[in-house]
Amino acid sequence: MRQVGASGPAGQGSGSGPGRGNGESGAATALGLALLAAAAACIVAALLFASAGLEQSRASAAAELAALAASDAARGLGGHGDPCAVAAEVAARNGARVLACRFTSALSAAEGASAVVSVASDRAPGWGVFPLPQASAEAAAGAPP
């Protein structure tokens with residue numbers, strides 16, 4: 001019969017717990033931590049891509065709305081004034097700034113007016129921590145056929 005606290009096989013003293021002294025030195029803990037770090041990195045990367053996609057969608061929406069407003073202003077509908085100034089105001093309300101604005105005036109009712117507006121998002125994708133390119137978009141709008 002074995003006494004509690006007695007020495008076990010050679011090389012193991014009393015108080016040796018499970019997994020001690022049999023060649024395991026915490027490798028599973030290190031592997032678990034490495035897997036946890038890799039999973040966290042994958043989650044952060046997925047969130048970064050989602051953030052960039054969201055900002056691109058916002059820039060596209062701002063460009064579309066600014067182009068529609070500029071086209072309407074060029075045709076004399078809605079807000080009066082310079083079509084590019086109207087486009088800049090609409091883009092600013094949607095979190096973007098106008099990079100370029102071109103419009104053609106309606107020479108006759110049959111021709112209609114059109115506008116092309118390029119915008120860039122005011123928000124930085126990646127929470128301003130990671131160097132991701134700024135979202136930008138271009139849109140065109142004109143009189144209905």
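None of these values were measured; they are calculated from a predicted model.
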Closer than 3.5 angstrom, by distance alone: can the side chain of Glu64 be matched with the main-chain N or O of Ala139 as a donor-acceptor pair? no
Which pair of heavy atoms, one from [X] and one from [Y], lies closest together, and at what distance?
X	Y	answer
Pro83	Ala73	CA-CB, 3.9 Å
Gln56	Ala137	NE2-CB, 4.1 Å
Ala87	Ala70	CB-CB, 3.9 Å
Val119	Ala59	CG2-O, 3.4 Å
Val117	Ala67	CG2-CA, 3.7 Å

Measure the spacing between [atom1] of [X] and [atom2] of [Y] and express it to the nearest 0.5 Å.
X	Y	atom1	atom2	value
Ser51	Arg123	OG	CZ	10.5 Å
Ser60	Leu65	OG	CG	11.0 Å
Arg58	Ser121	CZ	OG	7.5 Å
Ser118	Arg102	OG	CZ	6.0 Å

Could you walk me through whether Phe103 and Asp82 pass side-chain contact (heavy atoms from CB on, under 4.5 Å), step by step? CA-CA 10 Å; Phe103 69 94; Asp82 178 41; 4.0 Å; yes
Are Val90 and Leu99 grouped together when hydrophobic residues (ILVMFWY) are joined by side-chain heavy atoms under 4.5 angstrom apart? no
Between Ile43 and Leu132, is there shared hydrophobic-cluster membership here, with clusters defined by ILVMFWY side-chain heavy atoms closer than 4.5 Å? yes
Between the side chains of Ser114 and Ser71, does any donor sit under 3.5 Å from an acceptor?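 Ser114 vs Ser71: no donor-acceptor pair found between side chains.
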Quick one: does Asp122's side chain get under 4.5 Å of Arg97's, heavy atoms only? yes
